[in-house]
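Just so we're clear, the structure is a prediction, and the values are computed from it rather than from any experiment. Letters A, B, ... mirror the listed sequences (proteins, then strands); counts begin at 1.
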Amino acid sequence: MATTAPTTSSTALADLVPRLREICGEDGVLTDLSRRRVYESDGLTYHRATPGVVVLPTTTGQVAAVVSLCAEHGVPYVPRGAGTGLSAGALPHAEGVLLVTSRMRRIVEIDLENECAVVEPGVVNLDITRAVAPHGYYYAPDPSSQQVCSVGGNVAENSGGAHCLKYGFTAGHVRGLEIVTPSGEVVELGGKATGAHGYDLIGAFIGSEGTLGVATRITVSLTRSPERTVTLLSAFTSMDAGGEAVGAIIAAGVLPSAIEMMDALAIEAAEAAVACDYPAGAAAVLVVELDGPASEVDTQVERVVALCARSGAFETRTADGPEERALIWKGRKSAFAAVGRISPAYIVQDGVVPRTALGEVLGRIAALSAESGIRVANVFHAGDGNLHPLVLFDDSEPGAGERAEEVSGAILDLCVEHGGSITGEHGVGVDKACKMPRMFGEADLETFELFRRALNPAGIANPGKLLPTPRLCGERPGVRTGVHPLVESGEAEQF
Amino acid sequence: MDDPDVKDVALREGTDEDAMCGVVPARVARPENVGALADLLAAARESGLTVAARGGGTAMDWGTAPRSLDLLVDTSGLSWIDHNAGDLVVEVGAGTPVADLERVLAEAGQRLSYDPVRSGGTVGGALATGLSGPGRLLAGALRDLVIGMTVVRADGVVARSGGRVVKNVAGYDLAKLHTGGYGTLGIIVSATFRLHPRPPAVRLVSAPAPSPEAVERAAAALRASTVVPSAVESIHPLAGPPRLYVLLEGTEEGTTERADVTARALGGTGVEVAEATPPGWGLVPDEGCLIRVLAPPAELPGLVHDLVAAADRLGGRVGATASLPAGTLYLYTAPGASAEAVSSLLERARSGSGRSATLLRAEPHVRDADVDVWGEVPGLALMRAIKDSLDPDHRLSPGRFAGGI
Ligand SMILES: Cc1cc2nc3c(=O)[nH]c(=O)nc-3n(C[C@H](O)[C@H](O)[C@H](O)COP(=O)(O)OP(=O)(O)OC[C@H]3O[C@@H](n4cnc5c(N)ncnc54)[C@H](O)[C@@H]3O)c2cc1C
Ligand SMILES: Cc1cc2nc3c(=O)[nH]c(=O)nc-3n(C[C@H](O)[C@H](O)[C@H](O)COP(=O)(O)OP(=O)(O)OC[C@H]3O[C@@H](n4cnc5c(N)ncnc54)[C@H](O)[C@@H]3O)c2cc1C
């Protein structure tokens, strides 16, 4: 197990506590075991460690002072936002400081003339959209955890959502960053204009998983809400036919905001859970969303309907009102949780293949499943080839977990073999650090390390994440048992 | 100096034609493939040679002069295009002319949503200078389109970051550092880009821009609309009155309707709608000094007018093109503008919070006059640390970049 016994014995840390209290105040430092335990894992609950001490700063100045103190004493620290990460990127350090941004939750400025907002890192993703929606704007990156996850976490993971096919990831929507470097300095990068001069430090910081510093203030672009949004549901008698339709849509030069696909097992699970009323007998469904100026969308809808029909769709429904659209999304959005009902346990994998290799890779996954007797449900972002296979198993059956992990790992190998990636959105964290050598060579990894050392020379910023370390790489990948607690409580969707 | 003797590398003496900001390289080498380039850089490391790359040579007079240049690497041997149309992805050798790439992509109905500008430049040069024209709005700037990159480090090691798929968050996105890095962190070997389909139709709607207020009004009306422009560009040519241009891309029917809405938003008289972008759209002249200014988008209309008027008073005409939503403005002087005039324009552009300006290209008499080319660059200490880590001996284009990097 990846559990680390709680230690309170670290003297370096104990010496630090009074000074941390001076910086963050009495209520801004948690030392009680029971309160520290609340933070023992992020969204990947398999990896656990009780943080040595937890700090809850409220200002950039406090973050900088905490980090400076850590730097001075060589104590590691781990940034944490909402803790929804799925790669154990926010896994605490038992002898370190966990720096939680949950009290830095102010939307500092909404600037409609410049179409941007300035926020603190703990601001919840969806709160930006909520604040600007009355003005006809929204914040485009929409990870399905957006009701809970923090903008700081999104920056650290370069998160995207179903609509990143058209609108891109967090990186495309950040204009300015204030960061606290691992030596405790405050640096302001960019601002309200895009494309600052010099090396693109903002671009390199985004996706760095907390290993290069803490983002303490973020200037994000706001996007005009589209005039028209139409959602289509198309049903096919085979995955191949569905895949062909995806290819045809892309080849026709249409760029939907989302193209999602579900296979028979996922449809069956969704049907059982939420009675989404998808067309009976479908072996595959596509959910396609088109948005933009009404005059463009209407033409595109016609084309997509025709292309789906030509690829063998036996039924296509279109919806343009918010309720009707929600009905189509219901099955897709419920899929992960629904699978939790038809299987006692499952692993969610996150890998990417070139879109044109989807058919081949799905075939290989089916073969893997057949050989091993492990069921795999496929629910994924088809437009960009980002697979989220759900590998189902019964955790009460001896050896089943191990076999499921083998299948899950083999799927990642398939992704790499086909020129893809070991992660499209969940990040590397601790969970996939040991898989980095499958995708990158020795020289590539060494170059990443040179870059990390340049900005994090003492190695105290989120150690053990993102790059493989010998200590780590004997451990097993994470297994998720049952439905994610956030999904169960209705706080987040996962799809 | 010792000549590096490497297989598959043609070597010759440098001439005035090869100069980088006036610095003539001792040798010019042309490696035929990636392996030869890696060997060449490893040999250069052994001999302690300073090295810079050259693609098309169209921007050799940009930035600041290198402190030393022993070896200029001609990248024209690193030219290939591996286009995967079905995945809307292309991998390109750094020495490939941008024009060749555009042609290959166009044949498949695709493009690198990066405004095609001057011919003669290479993919590596475009990346190393890292600029984009007006069309950055919808698809993003050039650096947003890079999904993978291979680079040869100062020590000759070949390293890759990113990948060949659009969605990928494994590892650091090092391509972001090389894009706009003037070759100071490594020599770019190849890059993989995400592509976009070519739109079946475009409309370029334009209107006179007599005053900053008029431009501000039009910009506000556009923001309030849902026409989704691909570019909103305020252009002040060297000669002639300024105009505001709005580029729309999409279907025939769609762009026609959107052009009507846009024309109403621009209002007033003199609105024109064209069905294509004119030749030279997005281009800035390739002579004179060139300044790049960043400012909060809402301040741009006022700033452009202010700078153009200031230049008039200083006795030198300037032209300008401003990408309004991006907050980016290019200012160019007619050849022969005095160093004082350029310097004072830079200063003026830099005054005000959230603003910055760099002198991208200086004429020799301006370069020699000790004008502050880069201005204040936030994060310079971090950039130095990165430079020290990836090129510890400072042999790659030393001094070519901000802060003497
Ligand atoms: C149900 C569910 C659905 C999800 N769906 C999606 C999805 O659709 N797309 C997607 O991309 N992800 C998804 N995720 C993953 C996760 O929500 C994202 O990675 C999110 O961006 C993490 O934000 P967080 O605030 O929870 O970060 P945390 O989990 O707290 O931290 C994540 C990483 O960011 C670092 N970090 C946090 N804050 C900062 C900061 N201020 N500065 C520097 N580093 C920081 C941490 O050290 C850690 O490495 C999902 C997760 C769940 C549980
Ligand atoms: C507003 C604006 C928009 C522009 N838009 C475009 C555009 O859309 N398309 C376009 O092609 N050009 C565009 N340009 C021009 C462009 O910025 C450069 O002139 C051109 O890209 C330089 O290419 P080159 O091959 O001639 O570079 P060179 O002049 O050969 O080199 C320029 C610099 O890049 C370095 N360099 C060159 N190759 C490499 C390499 N492989 N690795 C590391 N460093 C290298 C050199 O050392 C030198 O410092 C634009 C310019 C402006 C001002």
Side-chain angles (χ1 to χ4, degrees), chain A residues 113-115 157-158 160 164 168 172 181 187-189 191-201 203-204 207-208 224 226-227 247 250-251 253 255 292-293 295-296 299 352-356 384-386 419-425 427-428 436 439-440 443-444 447-448 450-451 453-455, chain B residues 84 86-89 109 140-141 143-144 153 157-161 163-174 176-177 179-181 197-198 200 223 226-228 250-251 253-254 257-258 294-298 325-328 354 356 358 374 377-379 382-383 385-386 388-390 402:
Chain A
E113 276 203 318
N114 287 306
E115 302 187 297
E157 299 285 1
N158 192 16
C164 65
T181 69
V187 180
E188 239 182 276
L189 303 168
K192 288 182 178 177
T194 58
H197 311 285
Y199 302 155
D200 180 10
L201 295 176
S208 64
R224 194 76 172 85
E227 184 181 9
I250 304 275
L255 181 59
S295 52
E296 300 287 353
T299 338
V352 188
V353 296
R355 203 193 41 71
T356 49
D384 44 29
N386 187 186
S421 170
I422 58 169
T423 171
E425 55 185 26
V428 176
M436 286 288 278
M439 192 169 154
F440 294 102
D444 309 334
T447 310
F448 288 146
L450 284 175
F451 172 59
R453 239 183 276 153
L455 299 189
Chain B
N84 187 339
D87 285 319
L88 286 160
V89 160
R143 61 183 168 205
D144 299 324
R153 285 185 343 209
V157 170
V158 182
R160 179 174 67 86
S161 59
R164 288 181 57 97
V165 282
V166 168
K167 209 169 175 188
N168 169 28
V169 292
Y172 296 116
D173 191 358
L174 300 183
K176 291 286 197 302
L177 300 173
T179 309
R198 260 176 192 277
R223 283 200 304 273
T226 47
V227 294
V228 195
T251 58
E253 308 89 310
E257 269 195 57
R258 291 156 67 203
L294 300 178
T328 305
S356 57
T358 52
W374 300 101
V377 177
L382 302 181
M383 295 182 194
I386 295 167
D388 289 345
S389 185
L390 290 172

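- A distance of 6.0 Å separates CD1 of Ile250(A) from CG of Leu88(B), quoted to the nearest 0.5 Å.
- Counting heavy-atom pairs closer than 4.5 Å to chain A, the top-ranked of the candidates Val227(B), Asp388(B), Val158(B), Val169(B) is Val169(B).
- Taking each heavy atom of Arg143(B) and Gly198(A) in turn, the nearest pair found is NH1-O, 4.5 Å.
- Note: Met383(B) leads Arg198(B), Met383(B), Arg164(B), Glu257(B) in heavy-atom pairs under 4.5 Å with chain A.
- Of the residues considered (Thr181(A), Thr447(A), Thr299(A)), Thr447(A) shows the highest number of contacts with chain B, using heavy-atom pairs under 4.5 Å.
- Heavy-atom neighbours of Glu253(B) CD from other residues, nucleotides or ligands within 6.0 Å: above the threshold of 12.
- Residues Arg258(B) and Ser295(A) share a closest heavy-atom pair of CG-OG, 3.8 Å.
- In this structure, chain B has a heavy atom under 4.5 Å from the backbone of Glu188(A), while its side chain stays farther away.
- Annotation: maximal heavy-atom pairing with chain B below 4.5 Å, among Lys192(A), Arg224(A), Glu227(A), Met439(A), occurs at Arg224(A).
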Working note: Lys167(B) + Glu425(A), criterion side-chain contact (heavy atoms from CB on, under 4.5 Å); need CA distance, chi angles, decisive distance, verdict.
CA-CA 7 Å; Lys167(B) 209 169 175 188; Glu425(A) 55 185 26; 2.9 Å; yes
Is there a side-chain contact (heavy atoms from CB on, under 4.5 Å) between Glu296(A) and Val228(B)? Walk through the geometry before answering.
CA-CA 11 Å; Glu296(A) 300 287 353; Val228(B) 195; over 6 Å; no
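- The nearest pair of heavy atoms linking Leu294(B) to Ala193(A) is CB-CB, 3.9 Å.
- In terms of heavy-atom pairs under 4.5 Å with chain A, the best-connected choice from Pro197(B), Pro297(B), Ala385(B) is Pro297(B).
- Your options are Gly247(A), Gly160(A), Ala196(A), Gly292(A), and the one with the most heavy-atom pairs under 4.5 Å with chain B is Ala196(A).
- Of the listed residues (Leu174(B), Val377(B), Asp173(B), Val166(B)), the greatest number of heavy-atom pairs within a distance under 4.5 Å of chain A belongs to Leu174(B).
- When each of Ile422(A), Leu189(A), Val428(A), Asp384(A) is scored by its heavy-atom pairs under 4.5 Å with chain B, the top score falls to Asp384(A).
- Ranked by non-hydrogen atom pairs under 4.5 Å with chain B, the options Gly253(A), Gly385(A), Gly172(A), Gly168(A) are led by Gly253(A).
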Please evaluate residues Ile386(B) and Leu455(A) with respect to the criterion side-chain contact (heavy atoms from CB on, under 4.5 Å), reporting the C-alpha separation (whole Å), side-chain torsions for both, the decisive distance (0.1 Å), and the verdict.
CA-CA 7 Å; Ile386(B) 295 167; Leu455(A) 299 189; 3.9 Å; yes
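- Interface residue Thr356(A): backbone and side-chain heavy atoms are both found under 4.5 Å from chain B.
- Per-residue counts of heavy-atom pairs under 4.5 Å with chain A were compared for Ala298(B), Gly327(B), Pro378(B); the largest is that of Ala298(B).
- Using a 4.5 Å cut-off between heavy atoms, Ala170(B) contacts chain A through both its backbone and its side chain.
- Interatomic distance, CZ of Phe451(A) versus OG of Ser389(B), reported as 9.5 Å (0.5 Å rounding).
- Looking at Ala251(A), there are no atoms closer than 4.5 Å to chain B (heavy atoms on both sides), in backbone or side chain.
- The main-chain N or O of Arg355(A) is found under 3.5 Å from a side-chain atom of Asp87(B) such that the two form a donor-acceptor pair.
- Going from atom CG of Leu450(A) over to atom CG of Leu390(B) covers 5.5 Å, rounded to the nearest 0.5 Å.
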For a side-chain contact (heavy atoms from CB on, under 4.5 Å) check, start with the C-alpha distance between Leu201(A) and Leu177(B), then their side-chain angles and the critical distance, and finish with the verdict.
CA-CA 7 Å; Leu201(A) 295 176; Leu177(B) 300 173; 4.2 Å; yes
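- Taking CG of Asn158(A) as the reference point, atom CG of Asn168(B) lies at 9.5 Å (rounded to 0.5 Å).
- Residues Thr226(B) and Pro293(A) share a closest heavy-atom pair of O-CG, 3.7 Å.
- When all heavy atoms are compared, the tightest approach of Ser208(A) to Tyr172(B) is CB-CE2, 3.7 Å.
- Your options are Ala443(A), Pro354(A), Gly207(A), and the one with the most heavy-atom pairs under 4.5 Å with chain B is Pro354(A).
- Of the listed residues (Ala295(B), Ala402(B), Pro200(B)), the greatest number of heavy-atom pairs within a distance under 4.5 Å of chain A belongs to Ala295(B).
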